[in-house]
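Encoded as structure tokens, the structure appears first; notes follow it.
Proteins come first, then strands; the chains are lettered A, B, ... in the order of their sequence lines, and each starts at number 1. These numbers come from the heavy atoms of this one structure, side chains and all, not from hydrogens, waters or symmetry mates. In this text the structure is predicted, and so the values were computed from the model without any measurement.
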Amino acid sequence: GAGVSQSPSNKVTEKGKDVELRCDPISGHTALYWYRQSLGQGLEFLIYFQGNSAPDKSGLPSDRFSAERTGGSVSTLTIQRTQQEDSAVYLCASSLYTRGYTFGSGTRLTVV
Amino acid sequence: GENVEQHPSTLSVQEGDSAVIKCTYSDSASNYFPWYKQELGKRPQLIIDIRSNVGEKKDQRIAVTLNKTAKHFSLHITETQPEDSAVYFCALSSTSGTYKYIFGTGTRLKVLA
């Protein structure tokens with residue numbers, strides 16, 4: 001597609017439930033990133049996929065967070081047993097090697 | 001790990017004045033330095049970037065300077081306009097051949113009409 005597409009745009013979930021967030025990167029972009037942005041805060045790195053290499057998971061805050069990228073394209077970020085502190089905007093970005101990221105519009109997750 | 005310090009956290013300027021935001025880093029192997037603008041409720045968007053083999057880059061009213069020796073880079077906005085009001089993030093590419101970015105904490109710029 002023309003841009004990075006994320007779904008859903010908004011998600012309200014009950015504490016303890018699992019959620020899945022989807023990212024569809026720009027076609028042909030080899031790298032895909034997930035970041036988290038809490039209200040009024042900066043961009044916290046979560047995970048990074050580059051081609052067929054093993055993902056860099058160094059930013060995942062706990063083992064409740066996981067992500068996969070199937071076929072080198074679409075990625076899903078899964079949060080298990082959600083907690084209130086997981087509430088944030090989850091941003092996905094993709095890039096072609098050294099060019100700048102293109103961000104999606106994000107998924108606003110609210111855990112109640 | 002690598003981190004980026006960004007200052008100031010908030011900046012108010014009169015319309016038409018210049019604004020400067022500065023970021024400092026510690027890893028001398030960092031080689032790519034983008035700047036992103038995020039308007040309220042919207043996604044961050046790349047506005048300008050610079051690579052380590054260049055000292056300055058300009059695009060209309062926006063410029064970025066890089067001082068590799070001192071390990072800092074700055075965003076300069078001249079003739080500010082109300083639509084420049086946003087949060088600006090600096091970033092740098094992590095080392096070891098990856099393209100993971102480390103972002104600064106952001107600067108909220110307000111341009112007063």
Will you find, in the side chains of A:Ser58 and A:Tyr48, an N or O donor that is under 3.5 Å from an N or O acceptor?
no
Could you tell me which non-hydrogen atom of B:Ser52 sits nearest to which non-hydrogen atom of B:Leu66, and how far apart they are?
CA-CD2, 3.6 Å
Would B:Tyr32 and B:Asp49 count as having a side-chain donor-acceptor pair, cut-off 3.5 Å?
yes
From the list A:Ser75, A:Ser95, A:Ser94, side-chain hydrogen bond (donor to acceptor under 3.5 Å, both in side chains) partner of A:Tyr33 resolves to A:Ser95
Could you verify whether a donor N or O on one side chain and an acceptor N or O on the other, from B:His72 and B:Thr24, lie under 3.5 Å apart?
no
Donor + acceptor pair across side chains of B:His76, B:Thr65 (<3.5 Å):
yes
Is it possible for you to check whether B:Lys100 lies under 6.0 Å from the centre of the six-membered ring of A:Phe45, through NZ or CZ, and within 45° of that ring's axis?
yes
Contacting moiety of A:Leu91, where chain B heavy atoms sit under 4.5 Å
side chain
Please output the residues of residues 104-112 of chain A in contact with chain B, using a heavy-atom cutoff of under 4.5 Å, in numerical order.
A:Gly104, A:Ser105
Ignoring hydrogens and angles, state whether a donor on the side chain of B:Gln38 or A:Gln37 is under 3.5 Å from an acceptor on the partner side chain.
yes
Region of A:Gln41 in contact with chain B, defined by heavy-atom distances below 4.5 Å
backbone
What part of B:Pro44 is in contact with chain A, defined as an atom under 4.5 angstrom from a non-hydrogen atom: side chain, backbone, both or neither?
both
Looking at every heavy atom in both A:Phe65 and A:Asp86, which two are closest together, and how far apart are they?
CZ-OD1, 3.5 Å
For the residue pair A:Thr30 and A:Gln50, what are the closest heavy atoms and their distance?
OG1-NE2, 3.2 Å
Closest non-hydrogen atoms of B:Gln81 and B:Glu15, given as atom of the first, atom of the second and distance, are CA-CG, 4.3 Å
Filtered by a 4.5 Å non-hydrogen cutoff, the part of residues 103-113 of chain B contacting chain A is B:Phe103, B:Thr105
